[in-house]
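Just so it is clear, the values below take in all heavy atoms, side chains as well, and ignore hydrogens, waters and symmetry mates.
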Amino acid sequence: VENPVEITVELNLSPSDTDTDHNGDILLTNFSIEPSSIDLGEAAKVSVEAENTSGDSTSETIELLVDEAKTESETLSLGSGESTVIEFEYTPETNGTLDISVGSLTGSLDVFATEVGGIIESDTTWSKDTGSYLVTETVQVAEDAKLTIEPGVMVHSDLEFKDDALFLLHGEIVAEGTSDAKILVDGHKTGATFFDAEGSSPAAFLSVDHCVIRDGGSFWWGGHGGFNLRNSELTNVDYSYIWYPYDTSSEDTISRSEIHIEYNTFIDAGIFSIGHAADTMVYIRNNIFTGWNESPYDALITNWASYDTSE
């Protein structure tokens with residue numbers, strides 16, 4: 001399920017050709033990338049010293065290129081003989097070795113992530129000590145298996161299609177961060193569902209606390225499992241479909257009968273579409289909604305079915 005990817009980092013700076021560069025009247029020197037190796041989701045600082053070597057005031061635009069593509073730029077205005085240090089903060093969205101350049105000054109940035117995907121059949125823990133995790137295919141948590149995601153862990157999607165899911169949940173996922181060490185789950189605008197419980201039994205369960213979930217498809221989709229979502233921030237996330245959670249019409253016996261969606265902030269996020277029965281209770285309270293995405297229902301919360309004593 002986990003395939004560590006380790007890449008040797010070399011900062012390729014030629015003393016004769018690449019330690020200085022003229023960008024018009026601006027001389028560029030002291031190029032650096034700090035740190036030269038990071039986990040996916042972290043930022044590196046690219047800095048360079050710029051000096052006006054002409055006899056007049058001048059303005060020039062200095063560009064940061066990543067794999068030959070313009071990423072950021074800054075326009076300088078310097079008097080004759082003046083100098084300054086330009087700093088770019090760059091957060092990669094992919095792992096591997098990236099070519100970083102300012103003018104003709106070049107270097108390499110190594111971005112580390114543990115690639116994950118496939119079936120988890122026994123209890124598994126994702127730790128911050130391992131670094132970031134990159135989902136390259138759906139992580140399937142089987143029945144009777146539990147995935148624990150520890151505080152501070154960063155999870156990124158490398159999935160390609162909207163119909164994909166980062167997690168297919170038939171067992172249990174516990175993603176509980178803290179106020180000082182939140183868990184990040186970044187969909188990278190692929191549209192993939194975060195937690196898909198389609199076909200799950202009532203025993204499937206997700207606990208999310210102090211997480212940042214952003215730029216993806218639905219937070220939750222289908223199945224007879226359930227979840228708690230607390231103290232988290234969801235940004236640019238599609239609507240969630242809660243379909244008869246903890247349905248005990250079968251012979252399954254479970255101890256849970258409540259879903260809690262509390263103390264969260266939703267920013268340009270989708271709504272909750274809910275159908276439930278038996279004695280299942282869905283509590284949605286003390287949340288902040290700022291903007292919301294389009295959905296099949298013209299409301300933030302839609303309860304389209306509520307049978308028996310459910311509420």
K45/E34 under salt bridge (charged side-chain N to carboxylate O under 4.0 Å, His left out): CA gap, chis, key distance, verdict: CA-CA 5 Å; K45 183 175 70 175; E34 294 293 339; over 6 Å; no

For this output row, return yes or no: ring centroids of H276 and Y244 closer than 6.0 angstrom. no

State yes or no: do L134 and L184 share one hydrophobic cluster built from I, L, V, M, F, W and Y residues joined by side-chain heavy-atom distances below 4.5 Å, directly or via other members? no

Side chains of N95 and E115 in contact at under 4.5 Å (non-hydrogen atoms): yes

Quick one: pull up CG in L65 and OG in S104 and give me the separation to the nearest 0.5 Å. 11.0 Å

Side chains of T265 and F289: does their closest heavy-atom pair fall under 4.5 Å? no

Is there a salt bridge (charged side-chain N to carboxylate O under 4.0 Å, His left out) between D215 and K189 once you walk through the steps? CA-CA 5 Å; D215 296 334; K189 301 180 180 179; 5.1 Å; no

Taking C-beta and beyond as the side chain, do I284 and I274 meet within less than 4.5 Å on heavy atoms? yes

Determine, stepwise, if the pair D56 / S54 fulfils side chain to side chain donor-acceptor pair (under 3.5 Å). CA-CA 6 Å; D56 301 307; S54 73; 5.5 Å; no

Let me confirm one number: the CG-CG distance from D163 to L159, rounded to the nearest 0.5 Å. 11.5 Å

Could you measure the distance from the CD atom of E42 to the OG atom of S37? Nearest 0.5 Å is fine. 9.0 Å

Could you walk me through whether I26 and T58 pass the side chain to side chain contact (heavy atoms under 4.5 Å, CB included) check? CA-CA 8 Å; I26 301 293; T58 188; 3.8 Å; yes

Are side-chain N/O atoms of S59 and S77 paired as donor and acceptor at under 3.5 Å? yes

Candidate pair E176 and S207, rule side chain to side chain donor-acceptor pair (under 3.5 Å), full reasoning: CA-CA 7 Å; E176 297 178 351; S207 178; 2.6 Å; yes

Between T138 (side chain only) and A165 (backbone N and O only), is there a donor and an acceptor less than 3.5 Å apart? yes

Would you say V174 ends up clustered with I120 if hydrophobic residues are merged whenever their side chains have heavy atoms under 4.5 Å apart, either directly or through other cluster members? no

Tell me whether E82 at atom CD has more than 12 heavy atoms from other residues, nucleotides or ligands lying less than 6.0 Å away. yes

Centroid-to-centroid, Y133 to W126, below 6.0 Å? yes

Heavy-atom pair of closest approach, residues G275 and P245: O-CD, 3.5 Å

Flag the pair F167 / F194 as yes when their ring centroid distance falls below 6.0 Å, and as no otherwise. no

Aromatic centroids of W220 and Y241 separated by under 6.0 Å: no

How long is the gap from CG on L234 to CD1 on I267, to the nearest 0.5 Å? 9.0 Å

Using a strict cut-off of less than 4.0 Å between a Lys/Arg side-chain nitrogen and an Asp/Glu carboxylate oxygen, indicate whether R285 and E262 qualify as a salt bridge. yes

For P92 and L40, the nearest pair of non-hydrogen atoms, with its separation, is O-CD1, 3.7 Å

In this structure, is the centre-to-centre distance between the rings of Y239 and W221 below 6.0 Å? yes

Do N264 and I288 make a side-chain contact, defined as non-hydrogen atoms from C-beta onward lying under 4.5 Å apart? no

Heavy atoms of S108 and T97 approach each other most closely as CB-CG2, 4.0 Å

Give a yes or no on this: more than 12 heavy atoms of other residues, nucleotides or ligands lie within 6.0 Å of atom CD of E258. yes

Test item: V208 and F219 side chains (from C-beta on) under 4.5 Å apart, heavy atoms: yes

Give the cluster check for V212 versus V155: same hydrophobic cluster or not, with ILVMFWY residues linked at side-chain heavy-atom distances below 4.5 Å. no

Side chains of F266 and I261, heavy atoms from C-beta outward: is any pair under 4.5 Å? yes

Under a single-linkage definition using a 4.5 Å side-chain heavy-atom cutoff for Ile, Leu, Val, Met, Phe, Trp and Tyr, are Y263 and M281 assigned to the same hydrophobic cluster? no

Gap between atom NZ of K182 and atom CD1 of I213 - 0.5 Å precision: 11.5 Å

Is there a chain of hydrophobic side chains (I, L, V, M, F, W, Y, each step under 4.5 Å between heavy atoms) that links M154 to V116? no

Rounded to the nearest 0.5 Å, how far apart are CD1 of I62 and CG of L64? 11.5 Å

Any donor-acceptor N or O pair under 3.5 Å, side chains T61, T75: yes

Where do Y246 and H224 land on the side chain to side chain contact (heavy atoms under 4.5 Å, CB included) test, with the steps shown first? CA-CA 5 Å; Y246 306 132; H224 288 308; over 6 Å; no

Step-by-step side chain to side chain contact (heavy atoms under 4.5 Å, CB included) determination, T148 to T124: CA-CA 6 Å; T148 300; T124 301; over 6 Å; no

Flag the pair I259 / I242 as yes when at least one side-chain heavy-atom distance between them is below 4.5 Å, and no otherwise. yes

Are there more than 12 heavy atoms of other residues, nucleotides or ligands under 6.0 Å from atom CG of D144? no

Where L76 and A50 come nearest, the two heavy atoms and their spacing: CD1-CB, 3.5 Å

With heavy-atom distances below 4.5 Å as the criterion, would you say the side chains of V135 and H156 are in contact? no

Taking D196 for the side chain and T193 for the main chain, is one N or O donor matched with an acceptor at less than 3.5 Å? no

For S127, check side-chain contact (heavy atoms from CB on, under 4.5 Å) against everything at least two apart and list the hits. D129, T130, E150

Salt-bridge contact K146-D123 (side-chain N to carboxylate O under 4.0 Å): no

Shortest non-hydrogen separation from N52 to S57 and the atoms involved: ND2-CA, 4.0 Å

Using atom types as modelled and distance alone, determine if a side-chain donor or acceptor of S232 lies under 3.5 Å from a backbone N or O of C211. yes

How close do V102 and V46 get, counting heavy atoms only, and between which atoms? CG2-CG1, 4.2 Å

Pair L169-F205, side chain to side chain contact (heavy atoms under 4.5 Å, CB included): steps then yes or no: CA-CA 8 Å; L169 176 62; F205 179 66; 6.0 Å; no

If only atom types and distance count, is the side chain of S36 paired as donor or acceptor with the main-chain N or O of I33 below 3.5 Å? no

